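Notes to accompany the following structure.
Owing to the predicted nature of the structure, the values given are computational and were not obtained by experimental measurement.
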Amino acid sequence: VDLILESVGIARPAGSVALKLVSRRELNNEAKRIHVGGNLKGLTVSKFRQVTFKGKTEVTFSHVVYVLFGLPKSELRSVVSHEMMHVWLNEREVEAPADVIEGFCNLGSDEVLRQDPSRLAWILIDNMKTNTSPTYGGGYRKMEAHLNKIAWPRMIAEMNARGKKP
C-alpha cells in the first residue's frame with residue numbers, strides 16, 4: 001500500500017503508525033470516543049505533540065489506524081490505504097470540507113484497488129462510484145473528476161496548500 005501511494009506523491013508518514021485489527025464493537029467504541037459515527041470499516045486517530053526548546057518548535061505525530069478485523073484482502077488494502085491518506089492529511093494539518101477529505105482519501109483506495117486484479121477490487125471501485133453518501137460517494141466523484149483534470153502532482157500540491165504544515 002505504501003509503495004502504491006508513494007508512486008502518486010503520498011509520502012510515508014513522519015510519525016509512528018500503529019495498525020490495529022479490531023472487532024466491530026471496538027471500532028464503534030473508538031469512533032464514539034472521538035464523536036464519529038457511521039458504518040465504519042476503518043478509523044484513524046492522530047495525536048500531535050508540540051515541543052519548543054531554545055526557540056525552536058518541533059511537532060511530532062503518532063497515529064493509530066483501526067481496521068475492522070476479517071475483511072477480505074482487497075478490502076483490507078482499500079481501507080488501510082484510505083486511512084493512510086488520512087494520516088498524510090493529518091500530518092499536514094489539512095483543513096477542508098468533509099467531502100473533500102473523504103473524497104481525497106477514497107482516491108487512495110481507488111489507486112490501490114486499480115492495481116489489484118481481483119473481481120472484488122473492481123466491485124469496491126464500483127461501490128465508491130455509486131455510493132449515495134454526499135460525503136463519501138459524492139466526495140469521491142468530485143475529487144476523481146478533479147484528479148482527472150489536474151493529475152496527482154497538482155492534486156497533492158492543492159491539498160498541501162490547504163494545510164498548516166508543509
Side-chain angles (χ1 to χ4, degrees), residues 1-47 61-92 94 96 98-148 150-153 155-156 159-160:
V1 168
D2 280 350
L3 292 175
I4 294 169
L5 295 180
E6 277 186 68
S7 75
V8 297
I10 300 296
R12 288 181 188 241
S16 64
V17 179
L19 178 64
K20 293 189 176 188
L21 295 174
V22 296
S23 68
R24 166 70 61 203
R25 185 180 53 77
E26 290 170 293
L27 185 59
N28 289 344
N29 285 344
E30 282 303 318
K32 199 179 297 178
R33 195 174 61 76
I34 62 168
H35 311 291
V36 175
N39 186 23
L40 303 178
K41 293 180 183 171
L43 177 71
T44 297
V45 178
S46 297
K47 294 180 181 174
F61 289 88
S62 62
H63 314 275
V64 180
V65 173
Y66 298 92
V67 179
L68 185 61
F69 177 79
L71 297 175
K73 182 179 176 182
S74 296
E75 194 167 15
L76 175 69
R77 289 170 46 89
S78 173
V79 172
V80 169
S81 58
H82 178 100
E83 297 306 325
M84 292 306 292
M85 298 292 276
H86 278 295
V87 167
W88 186 87
L89 292 168
N90 292 347
E91 287 196 350
R92 283 149 189 80
V94 170
D99 66 327
V100 171
I101 296 289
E102 297 303 338
F104 180 76
C105 292
N106 275 347
L107 292 177
S109 293
D110 180 275
E111 197 66 37
V112 167
L113 289 168
R114 287 184 186 280
Q115 302 207 20
D116 180 336
S118 74
R119 176 146 165 68
L120 178 57
W122 294 99
I123 291 169
L124 293 169
I125 291 170
D126 189 56
N127 287 349
M128 285 193 294
K129 288 179 185 275
T130 59
N131 186 322
T132 58
S133 161
T135 302
Y136 288 88
Y140 169 71
R141 290 184 293 277
K142 172 180 169 177
M143 296 303 283
E144 181 190 36
H146 191 53
L147 178 63
N148 289 338
I150 66 169
W152 274 107
M155 176 69 81
I156 299 293
M159 294 307 285
N160 259 324

Original post:
Is V100 close to V94 at the side-chain level, that is, under 4.5 Å between some pair of heavy atoms?
Top reply: no
**OP:** Enumerate the residue pairs fulfilling salt bridge (charged side-chain N to carboxylate O under 4.0 Å, His left out) with a member in residues 18-31, sequence neighbours excluded, ordered by first and then second residue.
**Re:** E30-R33
Original post:
When rounded to the nearest 0.5 angstrom, what is the spacing between CD1 in I125 and CD in E111?
Top reply: 9.5 Å
Subject >> For the student: nearest non-hydrogen atoms of N28 and G38, plus distance >> reply: OD1-O, 4.5 Å
**OP:** Can you measure from OH (Y66) to CG (L43) and round to the nearest 0.5 angstrom?
**Re:** 7.5 Å
Subject >> Sequence neighbours excluded - salt bridge (charged side-chain N to carboxylate O under 4.0 Å, His left out) pairs with any residue from residues 2-13 >> reply: D2-R12, E6-R12
**OP:** Might you point out which heavy atoms bring L76 and V67 nearest each other, and give the distance in Å?
**Re:** CD1-CG1, 3.5 Å
**OP:** Please test E102 against H86 for side-chain contact (heavy atoms from CB on, under 4.5 Å), starting from the C-alpha separation and ending with a verdict.
**Re:** CA-CA 8 Å; E102 297 303 338; H86 278 295; 3.1 Å; yes
Original post:
With sequence neighbours excluded, what pairs up with Y140 under the side chain to side chain donor-acceptor pair (under 3.5 Å) test?
Top reply: D110, E144
Original post:
When rounded to the nearest 0.5 angstrom, what is the spacing between CG in L113 and CG in L124?
Top reply: 5.5 Å
Original post:
Can you name the closest pair of heavy atoms from A96 and I101 and give their distance?
Top reply: O-CG1, 3.7 Å
**OP:** State, to 0.1 Å, how close E91 and G15 come at their nearest heavy-atom pair, and which atoms those are.
**Re:** OE2-N, 2.8 Å
Subject >> side chain to side chain donor-acceptor pair (under 3.5 Å) against S118, all qualifying residues, sequence neighbours excluded >> reply: S74, D116
Original post:
How far does NE2 of H63 sit from CG of L19, to the nearest 0.5 angstrom?
Top reply: 13.0 Å
Subject >> Approximate separation, where rounding is to 0.5 Å, of I10 CD1 and W88 CH2 >> reply: 4.5 Å
Original post:
Where is the tightest heavy-atom contact between L5 and S81, given as atom of each residue plus distance?
Top reply: CD1-O, 4.0 Å
Subject >> Non-neighbouring partners of I150 that pass side chain to side chain contact (heavy atoms under 4.5 Å, CB included), sequence neighbours left out >> reply: H146, R154, M155, E158
Original post:
So which pairs with a foot in residues 71-88 pass salt bridge (charged side-chain N to carboxylate O under 4.0 Å, His left out), sequence neighbours left out?
Top reply: K41-E75
**OP:** For the pair W152 and F104, name the ring-plane relationship: parallel under 30°, tilted 30 to 60°, perpendicular over 60°.
**Re:** perpendicular
Original post:
What is the minimum heavy-atom distance between P117 and Q115, and which atoms define it?
Top reply: CD-O, 3.7 Å
Subject >> Chi angles and distances behind the side-chain contact (heavy atoms from CB on, under 4.5 Å) call for V17, M84 >> reply: CA-CA 9 Å; V17 179; M84 292 306 292; 4.1 Å; yes
Subject >> L68 vs V79, side-chain contact (heavy atoms from CB on, under 4.5 Å): CA-CA, chis, key distance, verdict >> reply: CA-CA 9 Å; L68 185 61; V79 172; over 6 Å; no
**OP:** To the nearest 0.5 angstrom, please state how far the OG atom of S109 sits from the NE2 atom of H82.
**Re:** 6.0 Å
